[in-house]
Amino acid sequence: MASLVTSTMKPFSSSTKPNESHMIKDGSNLKETVDFNSEKRMRLVKQRRLTVTNVATKPVGSPTEQVRGNDQKHVAWTSVKQERWQGELHVQGQIPLWLSGTYLRNGPGQWHIGDYNFRHLFDGYATIVRLHFENGSLIMGHRQVESEAYRAAKKNNKLCYREFSEAPKPDSFLSYIGDLAKLFSGASLTDNANTGVVKLGDGRVVCLTETIKGSIVIDPNTLDTIGRFEYSDTLGGLIHSAHPIVTDNDFLTLLPDLINPGYLVARMDPGTNERRVIGRVGCRGGPAPGWVHSFPVTEHYVVVPEMPLRYCAQNLLKAEPAPFFKFDWHPESKAYLHVMCKASGKIVASVEVPLFVTFHFINAYEEIDEEGRVTAIIADCCEHNADATILQKLRLKNLRTFSGQDDLPDARVGRFRIPMDGSPYGNLEAALEPDEHGKGMDMCSINPKYLGKKYRYAYACGAKRPCNFPNTLTKLSLVEKKAKNWFDEGSIPSEPFFVARPGATEEDDGVVISMVSDKNGEGYALLLDGSTFEEIARAKFPYGLPYGLHGCWVPKT
Ligand SMILES: CC(=O)/C=C/C=C(C)/C=C/C1=C(C)CCCC1(C)C
Ligand SMILES: CC(/C=C/C=O)=C\C=C\C=O
Ligand SMILES: [Fe+2]
């Protein structure tokens, strides 16, 4: 198996040498945050040079200078200060001794190239952060993912590939035509794997985004970029859901088909790079498939969402960001959920549902009657009240200019009920009163043992208003319809990630890990008790880190 695994990892043509400078060149983002005279600046540069070569477990001498307060410069929306760092953190409180393994979190942590600033949260180059827990101690490290897009940007000091909202500007009409050809072949699409990170059943750790080429294998210990994850099948396609369903035995993915509007559902066995098609479903509405950032599964079914926020061919070709970026809002095309049997690939239900907007499905499960028949499927998601403007709210300009006025659109836990008796319509309702979590809702996790099964608890980011971005951690009890909330004024916490205690029998017996970017420009790892939702430990980072998206747990083997 080892040779199979390594033979399909393609190293990039050149990689960062260990003794190369690991500083990120100051872009205006960084300049904005650093306000001091040139002598101090030189000292800092020297200090950074010392720091950056230290990638073993020693902490850095002293953190880089931070600017306090001002939301314009909130560290959550400021490029990461250095390309890499690693060291042991001082822990306040008690990390449970059973917590043994590594939490990896990916996200778009560098939003500039030279003096050029990106405009959207999702454009930034991937920064992977590692929290390694062992015997109550905590080692933190972070590093840039060495995608082709990132390396080309550094080498040429400009954007070279099409990112979520940005595209390189053609310098002539001829090069525009060339660029279009490169778009259709996929050559100009980014491989900036900045959305999530998953541990496959065979142990490989892969950073992912929505472009298929942006699947990059990393070493979870050193955070080295190993190479591109090459799919060995002939499925083709350029894009997929950024959130495959990954367990120790399974990998399910969803590929939208833009040519013949529909979706392919495919499976990849552990130890292989070959996806095999389970089934296909055609779109029922609209000119193109709906955006599928994520999708839910139950024990026996895959739910394929067809959202009225659909891929848009014209917007794909544009170099400048369109209102809905690569998508368009088509309420007239309606919204649907399709249910595919995992075993046969057959569509067993396809219902129209109320209009919805979601990035993230939380979980789904089957409702069973007394005879053991599946009567309905329940699918929960972080639902933005059918308002796609949330995508615009995630522009960096909005995130960086919080005036104290509430500017976060309302969201809820949207609960779909899909009848399995052939009825044509499904329902969508809030699973609990959205006021319980301040009507902010995204970045969810559950106990992975309950994937596809009836479950009680979900963890997510909620809101304490006024705010312009989710700023609380919330534990949702979907049975009691209650939430417990964690909040630290001015802080932005990232996805609360649940890790179960080995041997646990209660669903919420475990810890919740998050990383917090605070208002003083600092940051810390935070551990909450999964059951009480009280803080049990925190450990300060040497400097604040930018906001990150999704993570995974790599248990100690
Ligand atoms: C960070 C995140 O959640 C989403 C990232 C999405 C990306 C990078 C999407 C990229 C795309 C293109 C570059 C062109 C084709 C469409 C699309 C998949 C949106
Ligand atoms: C962070 C986010 C939405 C927040 C809105 O309330 C969405 C992230 C999507 C990609 O992973
Ligand atoms: Fe996501």
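One-based numbering, in listed order, for ligands and for the atoms of each. We're numbering straight along the sequence, starting at 1.
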Are any of the side-chain nitrogens in [X] or [Y] under 4.0 Å away from the carboxylate oxygens of its partner?
X: Glu83; Y: Arg143; result: no
X: Arg412; Y: Glu383; result: yes
X: Glu148; Y: Lys155; result: no
X: Lys484; Y: Glu436; result: no
X: Lys439; Y: Asp435; result: yes

Once you measure the plane-to-plane angle for [X] and [Y], does it fall in the parallel (<30°), tilted (30-60°) or perpendicular (>60°) bin?
X: His74; Y: Trp77; result: tilted
X: Trp291; Y: Phe327; result: parallel
X: Phe469; Y: Tyr547; result: perpendicular

I'd like to check which ligand 2 atoms, numbered from 1 as shown, lie under 4.0 Å from a non-hydrogen atom of [X].
X: Phe122; value: 8 (C), 9 (C), 10 (C)
X: His550; value: 10 (C), 11 (O)
X: His360; value: 8 (C), 9 (C), 10 (C), 11 (O)
X: His384; value: 5 (C), 6 (O)

Proximity winner for atom 13 (C) of ligand 1, if only heavy atoms of His293, Arg162, His120 are counted
Arg162
Which option wins on minimum heavy-atom distance to atom 4 (C) of ligand 2: Leu399, Leu408, Asp410, Asp442?
Asp442
Are Phe498 and Trp553 close enough that their ring centres sit under 6.0 Å apart?
no
Assert yes or no for the condition that the ring centre distance of His142 to Tyr543 is strictly below 6.0 Å.
yes
Exercise: identify the closest heavy-atom pair between Pro244 and Ala242:
CD-O, 3.3 Å
Please determine whether any non-hydrogen atom of Pro470 lies less than 4.0 Å from an atom of ligand 2.
yes
Would the number of heavy atoms belonging to other residues, nucleotides or ligands and lying under 6.0 Å from NZ of Lys158 be above 12?
no
Heavy-atom neighbours of Lys481 NZ exceed 12 at 6.0 Å:
yes
Side chain, backbone, both or neither: which part of His293 comes within less than 4.0 Å of ligand 2 when only heavy atoms are counted?
side chain
Under-4.0 Å heavy-atom contact with ligand 2, by part of Leu121 that carries it
neither
Closest protein heavy atom to [atom], given as residue, atom name and distance to 0.1 Å:
atom: atom 18 (C) of ligand 1; result: Ile239 CG2, 3.5 Å
atom: atom 2 (C) of ligand 1; result: Thr195 OG1, 3.2 Å
atom: atom 17 (C) of ligand 1; result: Lys326 CG, 4.4 Å
atom: atom 14 (C) of ligand 1; result: Leu189 CD2, 3.6 Å
atom: atom 11 (C) of ligand 1; result: Thr211 CG2, 4.4 Å
atom: atom 16 (C) of ligand 1; result: Leu316 CD2, 3.5 Å
atom: atom 5 (C) of ligand 1; result: Thr209 OG1, 3.5 Å

For ligand 1, which atoms, with element, lie under 4.0 Å from some heavy atom of Glu163?
13 (C)
Side chains of Arg400 and Trp111 in contact at under 4.5 Å (non-hydrogen atoms):
yes
The expected count of protein N/O/S atoms at less than 2.8 Å from the Fe ion (ligand 3) is 4
Tell me which part of Leu549 gets within contact of ligand 1: side chain, backbone, both or neither, using heavy atoms under 4.0 Å.
side chain
